2 protein chains.
Amino acid sequence: MKIYFAGSIRGGRNDADLYTEIIDELKKHGTVLTEHIGNTALLNNEVTLTDSEIHNRDINWLNESSVMIAECTQPSLGVGYELAIAMQQNKKVLCLFNTNRGKKLSAMITGQPFYNIAYYNSTKSAFSAIKNFLNKQIC
Amino acid sequence: MKIYFAGSIRGGRNDADLYTEIIDELKKHGTVLTEHIGNTALLNNEVTLTDSEIHNRDINWLNESSVMIAECTQPSLGVGYELAIAMQQNKKVLCLFNTNRGKKLSAMITGQPFYNIAYYNSTKSAFSAIKNFLNKQIC
């Protein structure tokens with residue numbers, strides 16, 4: 001299974017360590033096309049690519065993927081954009097949202113029944129939601 | 001001209017006063033369908049609507065609009081989602097980004113040539129970019 005993982009990059013890297021943990025978990029279930037999102041030095045590494053190259057690489061990966069997992073706690077324009085593109089492609093999408101941060105998930109996501117949403121309050125419960133979601137895609 | 005203005009709501013309301021100023025400027029050029037985005041009490045007012053009602057109202061307004069102006073400085077899932085939907089509809093879009101904040105606009109937006117982007121460092125220069133963009137849509 002090819003998995004597209006989405007998380008905030010320029011929107012804020014507060015959750016980069018969490019992204020790494022999620023990606024490590026996802027790798028037990030399939031190939032993570034966007035493994036670089038968990039790289040804490042990512043913003044420095046990507047300076048060799050133009051923004052157009054980054055956009056086209058990511059959209060090609062999204063096209064190629066079987067499912068999308070989006071960590072949505074840290075607000076991000078890019079993740080919102082990719083969520084809408086994934087919906088156009090009728091791809092199965094799981095949005096993860098951490099309820100411990102005092103934030104509220106966008107009504108554009110919660111109000112769109114296309115998306116599967118998992119609210120979590122621990123890494124363990126996030127992993128459990130991921131496992132349930134990915135197992136359903138296989139069956 | 002019907003104008004869809006997009007700005008962060010649940011992603012963070014730091015720029016709500018700026019949104020009000022932009023909306024007041026946009027009203028000189030046409031009808032702003034999303035005038036509520038500049039309302040500083042918005043998060044409280046919207047509790048009477050379900051998230052599905054908010055989503056459907058906003059997407060209906062986006063469908064109905066002639067152009068979209070998106071203030072993109074404050075990262076927001078909802079604005080990213082709406083930008084992708086506007087692109088699907090082949091709507092003319094202007095993204096505004098404040099260069100004084102030490103932030104960087106998402107490569108999903110800067111790397112997608114569909115979007116018009118105006119970088120500004122003062123309200124005056126933002127208004128000038130809006131005027132230039134809207135005048136082009138009329139001609």
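Within every chain, numbering begins at 1; the chains are lettered A, B, ... in the order of the sequence lines, protein sequences first and strands thereafter. On a predicted model such as this, the values are computed, not experimentally measured, just so you know.
Other residues, nucleotides and ligands contribute more than 12 heavy atoms inside 6.0 Å of the CD atom of Glu25(B).
For chain A, the nearby part of Ile109(B) is the side chain; its heavy atoms alone come within less than 4.5 Å. In this structure, the portion of Glu82(B) lying under 4.5 Å from any heavy atom of chain A is its side chain and not its backbone. Of the atoms belonging to Lys103(A), not a single heavy atom falls under 4.5 Å from chain B. For Leu49(A), no part lies under 4.5 angstrom from a heavy atom of chain B.
Annotation: salt bridge (charged side-chain N to carboxylate O under 4.0 Å, His left out) contacts involving residues 9-18 of chain A, sequence neighbours excluded, comprise Arg10(A)-Asp51(A), Asp15(A)-Arg101(A).
Minimum interatomic distance between Ile85(A) and Met87(B) (heavy atoms only, all atoms of both residues): CD1-CE, 4.0 Å.
Placement of Val93(A) and Phe5(A) in two distinct hydrophobic clusters is found when ILVMFWY residues are connected by side-chain heavy-atom separations under 4.5 Å, directly or transitively. Under the 4.5 Å side-chain heavy-atom criterion for grouping Ile, Leu, Val, Met, Phe, Trp and Tyr, Ile69(A) is not connected to Leu83(A) through any hydrophobic cluster. Cluster annotation: Met68(A) and Leu94(A) are assigned to distinct hydrophobic clusters (Ile/Leu/Val/Met/Phe/Trp/Tyr, side-chain heavy-atom contacts under 4.5 Å, transitive). Hydrophobic clustering places Val67(B) together with Ile23(B) (ILVMFWY residues linked when any side-chain heavy atoms are closer than 4.5 Å, directly or through intermediates). Cluster annotation: Phe133(A) and Leu18(A) are assigned to the same hydrophobic cluster (Ile/Leu/Val/Met/Phe/Trp/Tyr, side-chain heavy-atom contacts under 4.5 Å, transitive).
Within residues 112-121 of chain B, the residues having any heavy atom closer than 4.5 Å to a heavy atom of chain A are Gln112(B), Tyr115(B), listed by residue number. Listed in order of number, the residues of residues 124-132 of chain A that approach chain B to under 4.5 Å between heavy atoms amount to none. Contact annotation for residues 74-81 of chain A against chain B (heavy-atom separation below 4.5 Å, listed by residue number): Pro75(A), Ser76(A), Leu77(A), Gly78(A), Val79(A), Gly80(A), Tyr81(A).
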